[in-house]
Amino acid sequence: MAENEMGENRIVELTQAIENDPNNTDKLYELGRALESAGRFEEALSKFESIVLLEPEDHESIHAVGTLNLMLGRNLAAISSLTRATELWEDQPDYFADLGDALYSSGNAQGAKAAYETALSLALPNEEICERIRTALIKC
């Protein structure tokens with residue numbers, strides 16, 4: 001079975017599970033990730049937003065809302081969600097790096113630089129994200 005077909009089957013399976021238990025945030029999260037992997041970004045965003053309504057402190061879903069909004073070119077919404085994610089989990093370099101991307105995309109190079117510097121300070125020296133952050137800092 002092709003990977004794409006397996007992904008679509010998983011989406012159908014998760015959708016059915018959610019119909020039976022619409023407040024199951026674990027299944028909603030899985031479905032959001034499956035939809036994102038399939039390139040169905042608007043649908044994925046909707047699933048993550050549903051989780052945030054059910055669990056307003058779910059930093060992973062808030063982060064997903066932010067990154068999807070960034071991918072969709074909605075910088076202000078991305079900044080809002082990513083800022084909230086960094087407030088909820090202050091030690092996550094990915095969250096700050098993504099916030100830096102959103103700030104940079106919105107034209108706020110100074111804010112982006114600060115977010116990238118925070119991300120770099122939180123990352124372990126050999127983490128894969130370090131190179132991404134260093135490259136981003138060059139453009140600021």
Side-chain angles (χ1 to χ4, degrees):
M1 185 179 302
E3 186 176 327
N4 191 22
E5 187 177 333
M6 287 174 37
E8 286 301 318
N9 288 341
R10 184 69 180 143
I11 289 170
V12 169
E13 176 185 306
L14 288 165
T15 300
Q16 290 170 347
I18 291 166
E19 287 173 2
N20 295 329
D21 185 6
N23 294 331
N24 186 328
T25 56
D26 291 335
K27 293 292 183 197
L28 279 168
Y29 190 86
E30 282 185 65
L31 179 56
R33 287 295 177 209
L35 290 164
E36 183 179 1
S37 293
R40 295 163 59 178
F41 303 125
E42 291 285 352
E43 292 173 83
L45 178 61
S46 172
K47 300 308 172 201
F48 292 119
E49 289 173 333
S50 295
I51 295 168
V52 174
L53 289 173
L54 294 167
E55 295 182 12
E57 304 292 308
D58 184 333
H59 61 86
E60 290 177 320
S61 295
I62 293 168
H63 177 252
V65 168
T67 57
L68 283 163
N69 273 312
L70 181 59
M71 289 172 56
L72 293 167
R74 300 173 186 148
N75 293 330
L76 294 178
I79 292 167
S80 176
S81 292
L82 293 168
T83 298
R84 180 69 179 135
T86 63
E87 293 167 352
L88 291 170
W89 195 0
E90 298 172 347
D91 297 332
Q92 180 59 285
D94 291 0
Y95 291 10
F96 283 95
D98 292 335
L99 175 59
D101 291 345
L103 290 165
Y104 188 82
S105 292
S106 72
N108 183 347
Q110 184 176 359
K113 182 177 180 183
Y116 292 136
E117 287 172 345
T118 300
L120 193 58
S121 74
L122 295 171
L124 296 174
N126 61 348
E127 279 189 273
E128 184 177 313
I129 194 168
C130 290
E131 188 59 33
R132 173 183 162 211
I133 297 166
R134 286 186 192 100
T135 302
L137 279 167
I138 291 169
K139 66 183 177 186
C140 292

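Bear in mind that the values here come from a model prediction, so they are computed numbers and not experimental data. Side-chain atoms are counted along with the backbone in the values below, which use heavy atoms only and exclude waters and symmetry mates.
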Would you kindly confirm whether [X] and [Y] end up in one hydrophobic cluster when ILVMFWY residues are joined by side chain heavy atoms under 4.5 Å apart?
| X | Y | answer |
| --- | --- | --- |
| Val52 | Ile79 | no |
| Tyr29 | Leu14 | yes |
| Leu72 | Leu35 | yes |
| Leu122 | Leu88 | no |
| Leu54 | Val65 | yes |

> Which is it for Arg84 and Glu57 under the side chain to side chain contact (heavy atoms under 4.5 Å, CB included) test, yes or no, and what are the steps along the way?
Replying inline: CA-CA 9 Å; Arg84 180 69 179 135; Glu57 304 292 308; 2.9 Å; yes
> So, the side chain of Ser105 versus the backbone of Ala102: is there a donor-acceptor pair under 3.5 Å, distance only?
Replying inline: no
>> Arg74 vs Leu45, test: side chain to side chain contact (heavy atoms under 4.5 Å, CB included). Steps then yes/no.
In response: CA-CA 12 Å; Arg74 300 173 186 148; Leu45 178 61; 3.4 Å; yes
For the [atom1] atom of [X] and the [atom2] atom of [Y], what is their distance to the nearest 0.5 Å?
| X | Y | atom1 | atom2 | value |
| --- | --- | --- | --- | --- |
| Leu82 | Asp98 | CG | CG | 6.0 Å |
| Phe41 | Thr67 | CZ | OG1 | 10.0 Å |
| Trp89 | Asp94 | CH2 | CG | 9.0 Å |
| Thr118 | Leu99 | OG1 | CG | 9.0 Å |
| Phe48 | Asp58 | CZ | CG | 9.5 Å |
| Ile18 | Leu31 | CD1 | CG | 4.5 Å |

Please name the pair of heavy atoms, one in [X] and one in [Y], separated by the smallest distance, quoted to 0.1 Å.
| X | Y | result |
| --- | --- | --- |
| Gly32 | Ala44 | O-CB, 3.3 Å |
| Leu137 | Glu117 | CD2-CG, 3.9 Å |
| Ala38 | Ile11 | CB-CD1, 4.0 Å |
| Ala112 | Gly100 | CB-O, 3.3 Å |
| Ala97 | Ala119 | N-CB, 3.7 Å |
| Ile133 | Tyr116 | CG2-O, 3.3 Å |

> Between Arg132 and Asp101, is a side chain to side chain contact (heavy atoms under 4.5 Å, CB included) present by the stated rule, with each step listed?
Replying inline: CA-CA 11 Å; Arg132 173 183 162 211; Asp101 291 345; 2.5 Å; yes
> Is the number of heavy atoms from other residues, nucleotides or ligands within 6.0 Å of CD (Glu90) greater than 12?
Replying inline: no
> If you count the non-hydrogen atoms of other residues, nucleotides and ligands that lie under 6.0 Å from CG in Leu76, is the total more than 12?
Replying inline: no
> In terms of ring plane angle, is the pair Tyr95 and His63 parallel, tilted or perpendicular, where the classes change at 30° and 60°?
Replying inline: parallel
Would you call [X] and [Y] a side-chain contact if the rule is heavy atoms closer than 4.5 Å?
| X | Y | value |
| --- | --- | --- |
| Glu19 | Thr15 | yes |
| Leu120 | Cys130 | yes |
| Ile62 | Glu87 | no |

> Any ion pair linking Glu60 and Arg33 (charged N to carboxylate O, less than 4.0 Å)?
Replying inline: no
> Do Glu30 and Arg10 sit within salt-bridge range, that is, some charged N less than 4.0 Å from a carboxylate O?
Replying inline: yes
